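Here is the structure we will look at, set down as C-alpha cells.
When a ligand or atom number is given, it counts from 1 through the structure's own listing order. Model, not experiment: these values are computed from the prediction.
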Amino acid sequence: MQTEFLIIGQGISGTFLSYYLEKEGKDFLVIDNNQTDSPSRIAAGIINPVTGRRMVTVWMAEEILPFTWKAYTEIGNALAITAIHQKNILDFFPNPFMRENFIKRAEEKNDYVHAYPEQNHFNAWLNYDFGCGEIRPSYIANAETLLPAWRNFLKNKNLLLEEDFSNEHLSIKPDTIQYKDIHAKKIIFCDGTGSVENPYFKNLPFAPNKGEALIVEIPGLPQHHIYKKSMLLAPMQQTDMFWIGSNYLWEFDNANPTETFRKSTEMVLKEWLKLPYKIMDHKAGIRPATLERRPFVGTHPLHPAIGILNGMGTKGCSLAPFFARQLTDHLCYNSSILPEADVSRFAKILSR
Ligand SMILES: Cc1cc2nc3c(=O)[nH]c(=O)nc-3n(C[C@H](O)[C@H](O)[C@H](O)COP(=O)(O)OP(=O)(O)OC[C@H]3O[C@@H](n4cnc5c(N)ncnc54)[C@H](O)[C@@H]3O)c2cc1C
C-alpha cells in the first residue's frame, strides 16, 4: 500500500494532525491501538489561561486560546458534534492569602483573572470560607466525544489501522519509509509516551508524569462552570457527571490508579461538597511531558522521513491543535515551526 503520511497514534495530537492533512487533501493512514488509559482518553480537557498559585498566564495564551476555540469548533462542525464548550473556572480561595493574591492579579488588569460578583451564589452546594474569583475564558475540549467521532470518520474512509505499531517492522530510507507492506513518504509519531522508547527519539528530554482522576456523580451541582479549590472539578457532558483531578507523579512503577489518590480526593470531596456524591470510576495515565515543558514538533534532523508531534505534557488539549497546524504547514509548504517547539533544537542529541 502506498500513502504520503503514516501517522502513529490517534490521541489529540494524531487526531488534529490527520484532520489538518485531510483538509489539505493529503493521503495518509493512521495506526492506533486505542489504549484505554492514554492521556487523551482520560483528560478533563480543561483549557486554562492561567496556571499555578501565582496565576501566571500560560505560554502563548493570547495566540493559542483563540486558535484552540476555532480548531475544536471547526472539527466539531465537520463531525456534527460539539467538541468544545466555554466553561469558566470559579476559583474558590483556600485561604485569605490566596484571595489577596487573586484580587491583586484582577486589579492589575490581567486579561483572564476577574472578580466574581455573586460571592454567595454557590453556598447551597459548596463549602467555601474565603470567597471566589473567575478565570475567564476557560474551555473544556470534549475529547471523549471528539476522539471516537474522528475515529469513525477515519474508519469509514479506510484511513485507520487498529493495531499495535512496532518499530521492528519499520525501515527508513532518505526520502521514504516502509512499515510492513505500507510505503509512505513520511512517518509521523504522535504516540505519546510510546516515543520515549522510540529508537529515533528516545534521546529527547521527555519527563513523563503520571496523573489520576475520579469520575463522580453529583446530582444537583450546576454544570456551567469548572470549580477549583485544591483540585479541579470539571463538568462532563453527561448530566450530573464530573471529573475531579489531578496529581502529578514523576516517580511511579506503573500506570495503575492508586489508593492514595482515591483517598485524598475523597477527602477533598467530603470537605468541599454539601451534596451527596458517588464515585463511578478511577482513571490513571501517563502524560508525555518534557523537561522544558515545551512540545517536540517537526522532522528528525538526520532522517527527514521521520517526524514527531509530541511532548504535550499537561496541556495537550490546547497545544496539540496549534502545533498540529504548524506541523501540517511545515510538511505541506515547508513553513517554519516555532523555534521553542521545533524538534530541531535538539539536533545535536538526536544526531548521536
Ligand atoms: C489525568 C490527566 C488529566 C489531564 N487533563 C488535561 C486537561 O484537562 N487539559 C489538557 O490540556 N491536558 C490534560 N492532560 C494532558 C493531555 O491528556 C495530554 O497532553 C494529551 O492527551 C497528549 O495527547 P497525545 O495525542 O500527544 O498523546 P496520547 O494521548 O498519549 O495519544 C497517543 C495515542 O497513540 C496510541 N499509541 C501509543 N503507542 C502506540 C503503538 N505502539 N501502536 C499504536 N498506537 C499507539 C495510543 O493508543 C493513543 O491513542 C491530562 C493528562 C492526564 C493523565
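Looking at Thr314, Thr193, Asn209 one by one, the single match for side chain to side chain donor-acceptor pair (under 3.5 Å) with Arg287 turns out to be Asn209.
Under a 4.0 Å heavy-atom criterion, Phe261 is not in contact with ligand 1. Proximity of Gly245 to ligand 1 is not established, as no heavy-atom distance is less than 4.0 Å. Look at Ile12 and you'll find a heavy atom under 4.0 Å from some atom of ligand 1. Residue-ligand proximity: Lys210 is placed with every non-hydrogen atom at 4.0 Å or more from ligand 1. The shell of residues lying under 4.0 angstrom from ligand 1, judged by heavy atoms, includes Gly11. Using 4.0 Å as the threshold, Gly45 has a heavy atom nearer than that to some atom of ligand 1. Within the structure, ligand 1 lacks Ala213 among the residues with a heavy atom less than 4.0 angstrom away.
The nearest protein atom to atom 30 (O) of ligand 1, hydrogens excluded, is given as Pro39 CD, 3.4 Å; this is a heavy-atom distance. The protein non-hydrogen atom at the shortest distance from atom 20 (C) of ligand 1 is Ser40 OG, 3.8 Å. Nearest protein heavy-atom contact of atom 16 (C) of ligand 1 is Gly313 O, 3.9 Å. For atom 38 (N) of ligand 1, the closest non-hydrogen atom of the protein is Asp191 CB, 3.8 Å. Among protein heavy atoms, atom 2 (C) of ligand 1 sits closest to Arg287 NH2, 3.9 Å. Regarding atom 24 (P) of ligand 1, its nearest protein heavy-atom neighbour is Ser13 OG, 3.5 Å. The protein atom (non-hydrogen) at minimum distance from atom 49 (O) of ligand 1 is Asp32 OD1, 2.6 Å. Among protein heavy atoms, atom 41 (N) of ligand 1 sits closest to Phe165 O, 3.2 Å.
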Intermediate values then yes/no, side-chain hydrogen bond (donor to acceptor under 3.5 Å, both in side chains), Glu212 and Thr258: CA-CA 8 Å; Glu212 298 176 62; Thr258 66; 2.9 Å; yes
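Under a 4.0 Å N-O distance rule, the pair Lys210/Glu251 does not qualify as a salt bridge. Taking the charged nitrogens against the carboxylate oxygens, Glu266 and Lys263 have no contact shorter than 4.0 Å, which rules out a salt bridge. A salt bridge links Arg345 and Glu292; the closest N-O separation between the charged side-chain nitrogens and carboxylate oxygens is under 4.0 Å. One finds no salt bridge joining Arg41 and Asp37 here, because no Lys/Arg side-chain nitrogen approaches an Asp/Glu carboxylate oxygen to under 4.0 Å. Using a 4.0 Å cut-off between a side-chain N of Lys or Arg and a carboxylate O of Asp or Glu, Arg151 and Glu162 qualify as a salt bridge. Salt bridge annotation for Glu163-Lys180: present, with a cationic side-chain nitrogen under 4.0 angstrom from a carboxylate oxygen. In this structure, Glu22 does not pair ionically with Lys26, as no charged nitrogen and carboxylate oxygen lie closer than 4.0 Å.
Only the backbone of Cys190 comes within contact range of ligand 1, with a heavy atom under 4.0 Å; no side-chain atom does. Residue Arg41 touches ligand 1 through its side chain alone, judged by heavy-atom distances below 4.0 Å. By the criterion of a heavy-atom distance under 4.0 Å, the backbone of Thr314, and not its side chain, is placed next to ligand 1. Only backbone heavy atoms of Asn34 (N, CA, C or O) come within less than 4.0 Å of ligand 1; its side chain stays farther off. Looking at Gln10 against ligand 1, only its backbone comes within 4.0 Å, counting heavy atoms.
Listed by atom number, the atoms of ligand 1 under 4.0 Å from Met312 heavy atoms are 19 (O), 26 (O). For ligand 1, the atoms lying closer than 4.0 Å to a non-hydrogen atom of Glu163 are 42 (N), 43 (C). Listed by atom number, the atoms of ligand 1 under 4.0 Å from Asp164 heavy atoms are 42 (N). Here is the list of ligand 1 atoms found below 4.0 Å of a heavy atom in Ala43: 3 (C), 4 (C), 5 (N), 6 (C), 13 (C), 14 (N), 17 (O), 50 (C).
Neither side chain, Glu24 nor Tyr19, offers a donor N or O lying under 3.5 Å from an acceptor on the other. No donor-acceptor contact under 3.5 angstrom links the side chains of Gln10 and Ser18, judged on distance only.
Considering backbone and side-chain N/O atoms, Gln35 comes within less than 3.5 Å of an N/O atom of ligand 1. For a threshold of 3.5 Å applied to N or O pairs, the pair formed by Ile46 and ligand 1 contains at least one separation below that value. Considering backbone and side-chain N/O atoms, Trp243 never comes within less than 3.5 Å of an N/O atom of ligand 1. By the 3.5 Å distance cut-off applied to N or O atoms, Gly211 is not counted among the residues near ligand 1.
Because its NZ or CZ atom is not both nearer than 6.0 Å to the ring centre of Trp59 and within 45° of the ring axis, Arg293 does not count as a cation-pi partner of that residue. Annotation: cation-pi pair Arg99/Phe130 absent, no NZ/CZ under 6.0 Å from the ring centroid and within 45° of its normal.
Residue Gly298 comes nearest to Ile337 through the heavy atom pair CA-CD1, 3.6 Å, listed as atom of the first residue, atom of the second, then distance.
Under a 3.5 Å cut-off, the side chain of Thr3 and the backbone N or O of Phe28 do form a donor-acceptor pair.
The local environment of NZ in Lys104 is sparse, with at most 12 non-hydrogen atoms from other residues, nucleotides or ligands closer than 6.0 Å.
Nearest to atom 43 (C) of ligand 1 by heavy-atom distance, out of Asn33, Thr36, Ile226, Asp37, is Asn33.
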